[in-house]
Structure formats: C-alpha cells, structure tokens
Amino acid sequence: MNFPLPTTRTGRVLASAALAGLVLTGAAMSASAESVPPARHLTPHPEWSISPIVPLTLRPGATGEAVTQLQDRLAALGSPVTTTGVFDSATTAAVKHFQKAHGLAADGIVGPKTRASLDHSPAIPVRGDSTALAQQILNRRGITSLNAHSKPVGGPHLDSSALSNIRDAADGKRALTSSYGDAHGKRVELDERMLRGVLQLNANHGFSINITEFAGGDHSRDSLHYKGVAFDTSEINGVHVAVSGKGRELAERLESACHFLGASQVLGPGYPEHDTHVHCAWNTRN
C-alpha cells in the first residue's frame, strides 16, 4: 500500500519520490520492555501491515497520510492526540513524551529509532467502563495494588487501601477515602481515564508498577486523590523511586508516559514530598 509523500506547510517534499509513507506495525512488545502476557479483556491488536519502504523521517510541520498513520499509532498507544494529518504542536508533544518514556532522545522527530519503538509497542486495546477496567487491573500481572498506606498517620484503615479501592471498583462500588486527614471517609468513583492509564502503562509501555494509593491515604486538602482521578506508585520495574540513580531515571520515564496518556498533573522526585513516589492525575470532570 503506497501513500503520498508528507510535506511541510510550505509544500516542500520531505523525501524522494521513492519514499511513500510511514511503516507503523503493531508488533510484539519490544525486548527492552517486560514481557507481560495479556490478561482477561486485553488482547493484542492485530498486526498492522503496510508495505515496507525505505526509512523515512517525519518532522514537526509535515502533513499527509504518513502523519495520519503516526497519529493513529500514537492514539492506539493511549495518547489523546487528534488525527488531523498535520504534525502539529500536540503531535510533537506526544512524540516527545513517548520518546522520553521509552528511553529515547526527546527531540520530537520520528526517525528510525522512534519508529522502531512505535512499531514494537504492542498496541493492546484497553477498553471498558470503570468496573471492567478495575477487574483488568486486578488480573493484570505487573500491576500490584498494595493493601497498606504510604503514610498511615491515622491508623491502617485498610478499607481505603489501594487494593480495597480497586476491589470495590471491580465490584461496581465507589472507592473509599481514608477516615483521617481531609477526606473524612467518603466514597468516590475511580475515573475511567485514570484506570485506563494504569493499564496502558503496563500493557503498552512496559512498566511494572505498584499502586500505593488511589483514593485513600493522607493528602493535601484539595488532592485529586479525593476526586478518584489520581494514583501514586513507589516502585517501577522492581526499582524504588528515588531522587537519583535508576530510581530517578525510571520515575522520569514514567512521568513522561503519564503525560503521553493525558495526565494533567504529574509529580515526582524533585517536587516537594514526592521524592519517593510518582503521582499521576487526570482533570476532574465538572
């Protein structure tokens, strides 16, 4: 299948006439990512097949079918980017977040290494309402919801632990906030976008994580945890989040992955009171 050459906004052809599109295939998970077998409700995307061509570099400002293919691929991996056929600022930001999340130079240019990483990410569809997504998280190897609080200042209160929260959500119930601090033991629905993001991190971006908090725990008065749109993690791929070394590197990669997936609030090492965990949250829906 051949596609027209991408061009810049000024119409300049980006490659020779022998180049006809961008190869984006839904292949198996890359060797650099942990191999995690699909759980219930998660099945690999059918392999995409577009005629192999000479490697092509896509840059911000390009337009055409190759850019549409790129945007479709980003969306399949969880980005909220809109398919327009124009390599615009939103697409550039998504590419940069993807690159950093996958350990690549975050220059916003889709060259051979970025294309290969996009090709090798499995693009497993993550679907369902909050109940179905919570059930998938419970069954997903590589995501561990803890039955304890990161800061148990008011006692254990295990009914509001991350594990209890996700079990309640999987049963179609609202999750319980802790009975101390500013939350006062109320119940909130865990947000679909946040739950989908947790699954995407593992299924399509290769991160194994623990979840230290969903709606429970002690947080600031206006914390998004109490709105059901946030999660915290303190361990990534078996490494504890830290201010330096591998723990910092993985934290920064996970932060970029959360940005890629549409999180509006991402905090980690270097931000006050977040040196030992990463916090990802999505906007509340009014």
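Every value quoted in this text rests on a predicted model; they were computed, and no experiment measured them.
Closest heavy-atom contact between Leu163 and Ser145: CB-O, 3.6 Å. For Leu77 against Ser121, the heavy-atom pair with the smallest separation is CD2-CB, 3.6 Å. Shown here for Thr233 and Thr212, the closest heavy-atom pair between the two residues is N-OG1, 4.0 Å. Nearest heavy atom pair, residue Ala148 against residue Leu158, reads CA-CD2, 4.1 Å. The nearest pair of heavy atoms linking Gln71 to Val81 is O-CG1, 3.9 Å. A pairwise comparison of heavy atoms in Ser79 and Ala94 identifies OG-CB, 3.8 Å as the closest pair.
In this structure, Pro269 and Glu255 have side chains that are in contact, with non-hydrogen atoms separated by less than 4.5 Å. Proximity of Leu133 to Val126: side-chain heavy atoms (C-beta onward) are separated by under 4.5 Å at one or more points. Looking at Ile109 and Thr114, their side chains never come closer than 4.5 Å, going by heavy atoms from C-beta outward. Under the 4.5 Å side-chain criterion, counting only non-hydrogen atoms from C-beta, Leu118 is in contact with Leu74.
In the hydrophobic cluster analysis, where Ile, Leu, Val, Met, Phe, Trp and Tyr join through side-chain heavy atoms closer than 4.5 angstrom, Ile137 is grouped together with Ile211. In the hydrophobic clustering of this structure, Leu190 does not group with Leu176; members are Ile, Leu, Val, Met, Phe, Trp, Tyr whose side-chain heavy atoms approach within less than 4.5 Å, directly or through other members. Linking Ile, Leu, Val, Met, Phe, Trp and Tyr whenever their side-chain heavy atoms come within less than 4.5 Å puts Phe231 and Leu138 in one cluster. The hydrophobic clustering, which links ILVMFWY residues whose side-chain heavy atoms are closer than 4.5 Å, places Val266 and Met194 apart.
With Glu252 contributing its side chain and Gly268 its backbone, the two residues share no donor-acceptor pair below 3.5 Å. Between the Glu213 side chain and the Asp218 main chain, no donor and acceptor come within less than 3.5 Å of each other. For Arg73 (side chain) and Asp119 (main-chain N/O), a donor-acceptor pair under 3.5 Å exists by modelled atom type. Side chain of Gln69 to main chain of Glu65: no donor-acceptor pair is present (N/O by atom type, distance under 3.5 Å, no hydrogens or angles). The closest donor-acceptor contact from the side chain of Thr84 to the backbone of Val86 lies under 3.5 Å. One N or O on the side chain of Asn204 and one on the backbone of Ile124 form a donor-acceptor pair closer than 3.5 Å.
More than 12 heavy atoms of other residues, nucleotides or ligands sit less than 6.0 Å from atom CG of Asp129.
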For residues 238-247, please give each side-chain donor-acceptor pair under 3.5 Å, one per line with the distance, not counting sequence neighbours.
none

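With rounding to the nearest 0.5 Å, the separation of CD1 in Ile143 from CG in Leu201 is 8.0 Å. Distance check, rounded to the nearest 0.5 Å: OG1 of Thr92 to CZ of Phe87 gives 4.5 Å. Taking CG from Leu199 and CZ from Arg140, the interatomic distance works out to 7.5 Å, rounded to the nearest 0.5 Å. Here Ile166 contributes atom CD1 and Leu146 contributes atom CG; the two are 12.5 Å apart, rounded to the nearest 0.5 Å. Separating the OH atom in Tyr226 from the OG atom in Ser220 is a distance of 7.0 Å, to the nearest 0.5 Å. Within the model, atoms SG of Cys258 and NE2 of His97 stand 11.0 Å from one another, a figure rounded to the nearest 0.5 Å.
Partners of Glu235 according to the salt bridge (charged side-chain N to carboxylate O under 4.0 Å, His left out) rule, which considers only residues two or more places apart in sequence or in another chain, do not exist here. Here Ser130 pairs with Glu189 under the side chain to side chain donor-acceptor pair (under 3.5 Å) rule; sequence neighbours left out. A search for ring-ring contact (aromatic ring centres under 6.0 Å, His included) contacts involving His225 returns His219, His279, not counting sequence neighbours.
Judged by distance alone, the side chains of Asp72 and Thr83 do bring a donor and an acceptor atom under 3.5 Å apart. A side-chain donor-acceptor contact under 3.5 Å links Ser161 and Asn147. When only modelled atom types and interatomic distance are considered, Asn283 and Ser264 share a side-chain donor-acceptor pair under 3.5 Å.
In this structure, Phe260 and His205 have perpendicular ring planes: the angle between them is above 60°, well past the 30° mark. Aromatic ring orientation, Tyr271 versus His274: perpendicular (interplanar angle above 60°, classes split at 30° and 60°).
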* Test side-chain contact (heavy atoms from CB on, under 4.5 Å) applied to Ser208 and Asn202, step by step -> CA-CA 6 Å; Ser208 290; Asn202 179 251; 4.1 Å; yes
* **Chi angles and distances behind the side-chain contact (heavy atoms from CB on, under 4.5 Å) call for Lys227, Val188** => CA-CA 6 Å; Lys227 304 292 186 182; Val188 297; over 6 Å; no
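Screening residues 166-176 for salt bridge (charged side-chain N to carboxylate O under 4.0 Å, His left out) gives Asp168-Arg187 as the qualifying pairs, with residues at least two apart or on separate chains. Sorted by first and then second residue, the salt bridge (charged side-chain N to carboxylate O under 4.0 Å, His left out) pairs with a member in residues 275-284 form an empty list; sequence neighbours excluded.
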